Every structure is written in structure tokens, then in C-alpha cells.
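Read through the structure below, which is laid out as C-alpha cells, and then see the notes.
Quantities reported herein were computed from a predicted structural model and do not represent experimental measurements. Chain naming here is simple, since letters A, B, ... match the order of the sequence lines and numbering starts at 1 in each.
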Amino acid sequence: MKVKRWSALGVRISELARQAGTTPRALRYYEEQGLLRPARLASGYRHYEPQAVGTVRHIQLLLSAGLNTTAIAEILPCIPDDVTVLAPTCPELLDALAVERNRITTSIDRLAAARAVLDRLIQAGSGARDQP
DNA sequence: CTTCTGACA
DNA sequence: TGTCAGTA
């Protein structure tokens with residue numbers, strides 16, 4: 001069996017990006033934000049462990065949930081490397097998540113208010129459109 | 001050829 | 001986030 005025994009436990013940035021469905025640019029950004037801490041090869045290239053794929057997916061999920069990188073940096077360490085589905089590990093995590101939930105609720109309220117303004121504008125102008 | 005850092009839009 | 005430059 002001719003396996004690539006030298007990198008059997010890790011991949012370089014392009015590979016991880018491919019496996020996680022993202023770009024090398026994003027992975028470097030995550031690291032800059034303290035979300036990833038890849039090892040470095042003698043060449044200076046970043047070296048990611050196999051479980052990094054899961055970590056990146058967690059990051060993307062949290063990002064899509066509206067959390068900023070700072071919040072994710074605090075939450076990530078509460079998630080086991082091998083976990084498949086996101087599940088609370090630390091009790092403090094629940095409080096942090098509640099804070100984020102409130103942040104999202106506030107955003108929704110602001111957007112709803114903005115939509116209400118547009119609704120009024122649209123209704124006020126609907127008559128002028130028929131008889132220009 | 002791939003990646004790295006820094007930088008610009 | 002994409003992309004370019006100049007390297008290693």
C-alpha cells in the first residue's frame with residue numbers, strides 16, 4: 001500500500017480548503033482572528049490536523065448563525081475536536097450563546113422597523129404610479 | 001508549482 | 001474577500 005505516510009495526519013492549506021469547502025484566503029483569515037492554530041512545516045507552510053476540517057465547519061456554521069469572529073473564538077474551545085454535531089460542553093457557553101441570540105433578536109427588530117418604513121413608502125407611492 | 005506575507009480596493 | 005507582488 002503506497003500511502004502518503006508523511007502527511008497521513010495532516011494537509012496543507014489548499015487541501016483543507018477543498019475538504020472544508022472554502023478558500024485558503026478564508027482559512028488564513030480565521031487564523032488571523034485566532035480561530036485556528038495550524039502547525040508550521042519546516043517550509044513555513046501551514047499544516048492542518050485531520051480534525052481541522054470539523055473545526056472549520058463549526059466556524060462556518062457559527063458564522064452563518066450571525067456570530068462574529070470574536071464570539072466564535074470564545075465558543076470554539078468549548079467544542080471537542082472530534083464532535084460531529086454542535087453540543088454544549090461548558091456551562092458558560094450557554095450564557096454566551098444567549099447573548100448572541102439577543103444580538104440577533106435586536107438585528108431582526110431593526111430590520112423589521114426598516115421594512116415597515118419601506119412598506120409605508122411603497123404604499124404611499126403606489127397611487128402615483130398608476131397615473132403618472 | 002504551491003504557499004507565505006503584506007497590501008490595496 | 002479577491003488578487004497582485006516578490007519570495008522561499
Side-chain angles (χ1 to χ4, degrees):
Chain A
M1 43 158 38
K2 229 179 253 183
V3 298
K4 299 179 181 177
R5 71 310 186 189
W6 33 266
S7 68
L9 15 135
V11 298
R12 297 208 296 334
I13 199 165
S14 285
E15 248 306 296
L16 178 62
R18 188 186 66 69
Q19 291 177 27
T22 185
T23 65
R25 178 75 171 78
L27 295 179
R28 295 193 186 98
Y29 176 67
Y30 294 162
E31 178 180 358
E32 193 177 85
Q33 298 302 299
L35 274 31
L36 293 175
R37 318 213 87 87
R40 292 291 181 141
L41 262 21
S43 58
Y45 290 3
R46 273 165 261 248
H47 191 244
Y48 300 88
E49 297 295 286
Q51 28 104 336
V53 179
T55 303
V56 172
R57 291 195 171 127
H58 291 153
I59 292 173
Q60 299 177 317
L61 178 65
L62 264 11
L63 242 24
S64 68
L67 306 210
N68 56 44
T69 57
T70 303
I72 297 176
E74 301 176 333
I75 292 173
L76 224 46
C78 286
I79 301 172
D81 302 333
D82 60 310
V83 76
T84 302
V85 292
L86 244 34
T89 302
C90 327
E92 325 83 83
L93 180 57
L94 296 178
D95 296 310
L97 293 178
V99 170
E100 294 307 321
R101 212 203 89 99
N102 289 334
R103 209 187 299 296
I104 290 174
T105 298
T106 299
S107 293
I108 291 174
D109 291 345
R110 290 202 178 107
L111 288 172
R115 183 179 57 186
V117 170
L118 294 185
D119 284 343
R120 289 197 295 101
L121 255 27
I122 290 172
Q123 188 164 48
S126 63
R129 183 182 52 195
D130 306 320
Q131 286 92 38

Inset, instruction - Not counting sequence neighbours, list each pair that qualifies as a side-chain hydrogen bond (donor to acceptor under 3.5 Å, both in side chains) and has a residue in residues 108-123 of chain A. - result: none
Inset, instruction - Answer whether the closest heavy-atom distance between the side chains of A:R46 and A:R40 falls below 4.5 Å. - result: yes
Inset, instruction - Indicate the atoms forming the closest heavy-atom contact of A:T23 with A:A17, along with that distance. - result: C-CB, 3.7 Å
Legend entry - Salt-bridge contact A:E15-A:R12 (side-chain N to carboxylate O under 4.0 Å): no
Legend entry - Other ILVMFWY residues reachable from A:I108 by side-chain steps of under 4.5 Å: A:I104
Inset, instruction - State plainly whether one hydrophobic cluster holds both A:L93 and A:V99, where clusters connect Ile, Leu, Val, Met, Phe, Trp and Tyr through side-chain heavy atoms under 4.5 angstrom apart. - result: no
Inset, instruction - Decide whether A:L63 and A:L16 are clustered together by the hydrophobic rule: side chain heavy atoms of Ile, Leu, Val, Met, Phe, Trp, Tyr closer than 4.5 Å, transitively. - result: yes
Legend entry - Side chains of A:Y29 and A:T69 in contact at under 4.5 Å (non-hydrogen atoms): yes
Legend entry - Any side-chain heavy-atom pair of A:H58 and A:V83 under 4.5 Å: yes
Inset, instruction - Scan residues 13-36 of chain A against DNA chain C and write down, sorted by residue number, each residue with any heavy atom closer than 4.0 Å; if none is found, say none. - result: A:T23, A:R25
Legend entry - Side-chain heavy atoms of A:L27 within contact of A:Y48, under 4.5 Å: yes
Inset, instruction - Check step by step if salt bridge (charged side-chain N to carboxylate O under 4.0 Å, His left out) holds for A:E100 and A:R103. - result: CA-CA 5 Å; A:E100 294 307 321; A:R103 209 187 299 296; 3.2 Å; yes
Inset, instruction - Check DNA chain C against residues 48-68 of chain A and give the residues with a non-hydrogen atom under 4.0 Å, in numerical order. - result: none
Inset, instruction - Give the dot-bracket string for DNA chain B, reading 5' to 3', where a pair is Watson-Crick or G-U wobble with both distances under 3.5 Å, ( ) marks pairs inside the strand, [ ] marks pairs crossing earlier ones, | marks a partner on another strand, and . marks unpaired. - result: .|.||||||
Give me the distances for all protein-to-nucleotides 5-8 of chain C N/O pairs that come in under 3.5 Å?
none

Legend entry - Separation of atom NE2 in A:H47 from atom C1' in B:dT2, rounded to whole Å: 15 Å
Legend entry - Residue pair A:V53 / A:V11, side-chain heavy-atom distance below 4.5 Å: no
Inset, instruction - Provide the closest heavy-atom pair for A:A73 versus A:G34 in the form atom of the first, atom of the second, distance. - result: CB-O, 4.4 Å
Inset, instruction - Give a yes/no on whether any side-chain N or O of A:R46 is located under 4.0 angstrom from OP1 or OP2 of B:dC4. - result: yes
